[in-house]
Amino acid sequence: MADEQGPLGEEGTDGVRRRDFIHIAAVSFAGVGAVAAVTPLVYQMAPAADVLALSTTELDVAAIQPGQAIKTTWRKQPVFVRHLTAEEIAEANDVPSADLRDPQTLAERTKPGKEAYLITLGVCTHLGCVPLGAAEGENKGEYGGYFCPCHGSHYDTAGRIRKGPAPTNLVVPPYEFTSDTAVLIG
Amino acid sequence: MSFPWAKEYQPQNGFMQWMDERLPLPRLVYGAIGAGYPVPRNLNYFWNFGVLAGFALMIQIITGIVLAMNYAANTAVAFNSVEYIMRDVNAGWLLRYLHMNGASFFFIVVYIHIFRGLYYGSYKAPREMVWLLGVVIFLLMMATAFMGYVLPWGQMSFWGAQVITGFFSAIPLVGEPLREWLLGGFVPDNAALNRFFSLHYLLPFVIAGVIILHIWALHIPGSNNPTGIDVKSEQDTVPFHPYYTSKDGFGLGVFLIAFCSVVFFAPNMLGHPDNYIPANPLSTPAHIVPEWYFLPFYAILKAFTYNFLWIDAKLWGVIAMFGSIALLFFLPWLDKSPIRSASYRPLYRKFFWFGLLPCIAVLGVVGAMPAEGLWVPLGQVAALYYFAHFLIIIPMISYFEKPEPLPMSITESVLGKAETPAVGATPATA
């Protein structure tokens with residue numbers, strides 16, 4: 001007890017010593033310092049500037065014939081650009097969207113006036129394989145869109161999940177038509 | 001260390017005396033793996049596998065360090081640098097095949113080590129902490145092996161990384177940002193390859209550290225034994241050295257014969273030919289399969305094909321896969337039976353041989369097969385049994401089972417009741 005009788009060790013009327021405050025303040029400040037020191041170590045793992053610099057892709061869809069699809073890349077991920085035929089559009093619009101696992105209409109997945117161009121990531125929403133169906137002669141699955149060979153997910157002509165383990169439709173990346181045929185993805 | 005009759009370290013000469021007073025490292029080794037560690041006298045060959053696992057880790061660290069001297073972790077050259085090791089580096093082919101198959105053999109001996117623990121109840125009191133640290137080592141091994149498999153940057157490397165980091169995207173809300181943070185990009189690329197290399201180099205040393213804790217925790221109560229009963233007197237034990245150093249030495253010889261047979265005569269038996277194709281981010285191989293040691297867990301992942309409650313199938317699969325390992329952390333408290341060894345537990349023994357082992361074998365086969373036809377329901381039944389075994393069957397058995405009579409002591413189990421001689425007894429003469 002004797003060593004707690006100094007000016008710092010004396011209890012105030014509220015039962016708190018000045019030394020308690022110093023302890024809490026010092027440890028708290030050290031904690032703030034530790035968090036500040038860890039921040040760059042954690043932050044360096046996020047995508048670097050060169051990776052983010054690949055965030056836009058430009059392409060021209062004029063050369064894609066109806067029924068044809070091309071593969072391009074955006075952020076190093078495959079992107080499918082598909083020029084739908086009239087039958088494929090009709091097929092996609094015939095499905096009542098309430099029956100779908102991830103209800104969306106073709107119009108919601110394309111741009112107004114450009115419903116024939118379906119632009120999606122070529123990344124299965126299950127575990128990230130590249131589905132088949134974009135190239136000539138590949139298996140398009142039971143619904144005429146895309147088929148993922150890894151775990152058997154079937155997508156329809158609007159790129160919507162219809163059968164298999166994938167939880168959601170093929171992702172539509174952010175994009176816009178900068179002219180009648182030029183597309184800017186990202 | 002643990003028993004009062006453990007021999008004490010005696011420095012043999014003046015220099016060792018001088019050392020012992022300043023840095024008693026020889027004393028530590030003597031007490032840990034020398035004559036100063038008393039071990040039950042009845043250990044069978046299943047008790048070799050801890051030492052074998054430690055040896056396998058040493059093989060991996062030594063071959064890994066020299067491989068890293070010739071490997072380049074950059075997506076542009078990684079694949080070719082592995083081929084350079086195979087073709088141009090002196091003895092490079094041997095070092096790579098040792099490292100590649102060393103990983104498989106590390107898992108083989110660790111799986112046998114784990115099933116030894118399960119059969120003889122080594123996870124039970126007072127060795128719970130030994131078991132928990134063992135599960136931590138197992139998780140670290142899986143992370144290390146996965147990241148190592150990515151390094152050659154072949155097709156299976158790339159798509160394995162894509163699928164396994166895809167598990168994280170199943171987590172609601174934070175999943176996709178978390179995956180991008182782990183990869184340092186939107187797909188596995190240079191950033192991911194570099195950090196995997198860095199961590200693949202680091203984690204084996206972390207494993208070595210946890211192994212020290214694992215052995216430390218083991219030496220408090222001392223080793224379990226095939227009867228599962230406690231050591232009662234000095235005649236139940238023998239010193240670790242020379243008795244078990246020589247027994248482990250023999251086991252190590254057998255292990256090395258098996259290991260070298262594969263390394264020299266079938267080095268690619270356990271691998272996938274697709275990983276000799278350079279990574280192509282725009283084309284998925286027709287059939288993605290993990291390395292054999294992950295197949296049962298992969299089968300559990302694939303077993304969930306329907307959304308259930310408010311959680312979708314993908315997240316269920318990921319939860320179940322991680323849960324299948326996480327539940328091992330609770331095993332010491334799920335099994336309430338005070339009897340350790342399955343030799344005296346008739347029901348537990350039957351479920352071990354005819355339930356758990358076939359179930360894991362089926363999961364392993366299903367994991368390698370495409371997710372179609374009868375493989376899907378077969379995998380679902382096996383996955384269901386796996387969880388039922390640990391969460392329902394084991395706790396139930398501990399209540400209903402009538403254990404068989406235990407021997408009075410380890411010595412009695414070795415020498416038989418009638419023949420247990422009193423010390424100094426002489427045969428009776430007519």
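All of these numbers come straight from a predicted model, not from anything done at the bench.
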| Side chain, backbone, both or neither: which part of Leu282(B) has a heavy atom under 4.5 Å from chain A? | both
| note | Exactly one candidate in Cys124(A), Pro78(A), Cys129(A), Pro131(A) meets side chain to side chain contact (heavy atoms under 4.5 Å, CB included) with Thr284(B); the answer is Cys129(A)
| said: Counting only non-hydrogen atoms closer than 4.5 Å, does Ala48(A) touch chain B with its backbone (N, CA, C, O), its side chain (CB onward), both, or neither? | reply: backbone
| Contact origin within Lys76(A) toward chain B - heavy atom pairs under 4.5 Å | both
| field | Nearest non-hydrogen partners of Gln44(A) and Arg195(B), listed with the distance | value | O-NH2, 4.1 Å
| field | Region of Leu301(B) in contact with chain A, defined by heavy-atom distances below 4.5 Å | value | side chain
| request: Name the region of Thr125(A), side chain, backbone, both or neither, that has any atom closer than 4.5 Å to a heavy atom of chain B. | output: backbone
| Looking only at heavy atoms, what is the nearest atom pair of Trp181(B) and Val42(A), with distance? | NE1-O, 2.8 Å
| remark: Scanning both residues in full, the closest heavy-atom pair of Val130(A) with Pro281(B) reads CG2-O, 3.8 Å
| message | Quick check on the structure: residues of residues 104-123 of chain A within a heavy-atom distance below 4.5 Å of chain B, by number. | response | Val123(A)
| query | Is the CG atom of Leu41(A) crowded by more than 12 outside heavy atoms at less than 6.0 Å? | reply | yes
| note | Checking heavy-atom separations under 4.5 Å from chain B, one finds in residues 168-186 of chain A none
| Looking only at heavy atoms, what is the nearest atom pair of Gly184(B) and Val51(A), with distance? | O-CG2, 3.8 Å
| said: Can you tell me if Phe205(B) has over 12 outside heavy atoms packed within less than 6.0 Å of its CZ? | reply: yes
| note | Here the pair of heavy atoms bringing Gly128(A) nearest to Gln162(B) is O-NE2, 2.7 Å
